[in-house]
Amino acid sequence: MEDSQTSISEGFHPTKLSSARRAAEPGPNATKRLQTELMQLMTSPAPGVSAFPSADGNLLAWGATIQGPDDTPYSGLTFKLSFEFPSNYPYAPPTVLFRTPIYHPNVDFSGRICLDILKDKWTAAYNIQTVLLSLQSLLGEPNNASPLNGEAAELWDKDPAVFKTKVMERHKDVEDD
């Protein structure tokens, strides 16, 4: 009895370990949903966006690409993103980050994105393709009322030429992981 009290008092608790392991594996709903979404992305791809599970076979970690939309400062550019899915996906949103450096009003310099469907407006009706197309749309239509990068929001409205210059300065190709 003394041994178990010592381990608990030192912070070890057997249920904490097993719950940590469970969090790293997809639940049955997440596995089925992600497999279905992968098939949809492969059989009915949307123009300018793609996504696939990571090379290590972890179904909860994906890589994605978005082509910059025409007639925007991002035209002709390609952006890499990462998706991290929670074990209770699709009932909770994925964590999505830009891996390619980007200058945008709704993306900070760490790649974090301010987009309502990735936060409080998420529903299980959304999927990977929906998120990618929403992000592609956000490139051409930022929400300047809720910027993560205030300077970019200001330049978007006041000086499109300087904005485009900053986009090109910030954009760098990144190697595949």
Side-chain angles (χ1 to χ4, degrees), residues 30 33-34 36-38 40-55 58 60-86 88-177:
R33 174 68 178 259
L34 289 167
T36 300
E37 289 192 39
L38 177 59
Q40 177 195 10
L41 287 163
M42 290 175 19
T43 59
S44 302
V49 299
S50 65
F52 292 96
S54 63
N58 177 0
L60 295 178
W62 289 44
T65 59
I66 294 176
Q67 299 295 317
D70 291 339
D71 302 321
T72 72
Y74 306 97
S75 179
L77 303 177
T78 300
F79 299 92
K80 293 182 182 181
L81 300 97
S82 66
F83 278 67
E84 295 290 331
F85 296 93
N88 63 339
Y89 179 79
Y91 304 107
T95 299
V96 183
L97 297 171
F98 273 90
R99 293 294 176 206
T100 303
I102 182 171
Y103 187 79
H104 189 277
N106 303 116
V107 182
D108 70 13
F109 285 107
S110 298
R112 292 179 297 228
I113 304 160
C114 181
L115 182 63
D116 59 356
I117 68 166
L118 293 175
K119 308 285 184 230
D120 57 326
K121 301 288 187 203
W122 176 262
T123 75
Y126 293 132
N127 60 33
I128 298 164
Q129 196 169 64
T130 304
V131 171
L132 289 171
L133 291 171
S134 295
L135 289 169
Q136 190 178 46
S137 176
L138 187 68
L139 292 179
E141 300 172 19
N143 178 0
N144 284 341
S146 181
L148 285 178
N149 180 337
E151 177 191 82
E154 189 175 325
L155 284 175
W156 176 272
D157 289 329
K158 291 185 178 170
D159 198 336
V162 172
F163 183 89
K164 173 70 175 178
T165 299
K166 289 191 175 269
V167 165
M168 298 311 290
E169 288 172 354
R170 179 89 177 120
H171 185 272
K172 295 182 181 75
D173 290 331
V174 292
E175 298 296 317
D176 291 325
D177 294 332

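The shown structure was predicted, so the numbers you read here are calculated from the model rather than taken from an experiment. Side-chain atoms are counted along with the backbone in the values below, which use heavy atoms only and exclude waters and symmetry mates.
The environment of CG in Asp120 is crowded: more than 12 heavy-atom neighbours from other residues, nucleotides or ligands sit within 6.0 Å. Tyr91 OH: 12 or fewer foreign heavy atoms inside a 6.0 Å radius.
When side chains are defined from C-beta on, Leu77 counts as touching Val167, because their heavy atoms get closer than 4.5 Å. Contact annotation: the side chain of Glu141 never approaches that of Thr72 to less than 4.5 Å [non-hydrogen atoms, C-beta and beyond]. Side-chain contact check for Trp156 versus Asn149: every heavy-atom pair is 4.5 Å or farther apart. Counting heavy atoms from C-beta on, the side chains of Pro105 and Phe163 come closer than 4.5 Å. Counting heavy atoms from C-beta on, the side chains of Thr78 and Gln67 come closer than 4.5 Å. Looking only at side-chain heavy atoms (C-beta outward), Ile128 and Leu34 come within less than 4.5 Å of each other. Leu115 has its side chain within reach of Ser134: a pair of non-hydrogen atoms, C-beta onward, lies under 4.5 Å apart.
A centroid separation of less than 6.0 Å is found between the aromatic rings of Tyr74 and His104.
Trp62 and Phe85 have perpendicular rings, their planes meeting at more than 60° on a 0 to 90° scale where under 30° would count as parallel.
Between the Asn106 side chain and the Asn143 main chain, a donor and an acceptor come within less than 3.5 Å of each other. Using modelled atom types, no side-chain atom of Ser75 and backbone atom of Gly68 make a donor-acceptor pair closer than 3.5 Å. A distance-only check finds no donor-acceptor pair linking the side chain of His171 to the backbone of Tyr103 [under 3.5 Å]. Listed for the Arg112 side chain is no donor-acceptor partner under 3.5 Å among the backbone atoms of Leu148. Between the Gln129 side chain and the Leu41 main chain, no donor and acceptor come within less than 3.5 Å of each other.
For Ala51 against Leu132, the heavy-atom pair with the smallest separation is CB-CD1, 3.9 Å. Here the shortest heavy-atom pairing between Leu60 and Asn58 reads N-OD1, 2.8 Å. Contact between Phe79 and Pro101 at its shortest, heavy atoms only, is CE2-O, 4.3 Å. Taking both residues in full, the closest heavy atoms of Thr65 and Ser50 are given as OG1-OG, 2.7 Å, listed atom of the first, atom of the second, then distance. Contact between Gly140 and Pro69 at its shortest, heavy atoms only, is N-CG, 4.4 Å. Closest approach of Ser146 and Cys114 over heavy atoms only: OG-SG, 3.4 Å.
Rounded to the nearest 0.5 Å, atoms CD (Gln40) and OG1 (Thr43) are 7.0 Å apart. Interatomic distance, Asn127 CG to Leu38 CG, rounded to the nearest 0.5 Å: 12.0 Å. Note that CZ of Phe98 is 4.5 Å distant from CG of Leu81, once rounded to the nearest 0.5 Å. In this structure, CG in Leu133 is found 12.5 Å from CG in Leu138, a value given to the nearest 0.5 Å. Atom CD1 of Ile113 sits about 9.0 Å away from atom CG of Asp108, to the nearest 0.5 Å. Interatomic distance, Leu139 CG to Ile66 CD1, rounded to the nearest 0.5 Å: 6.0 Å.
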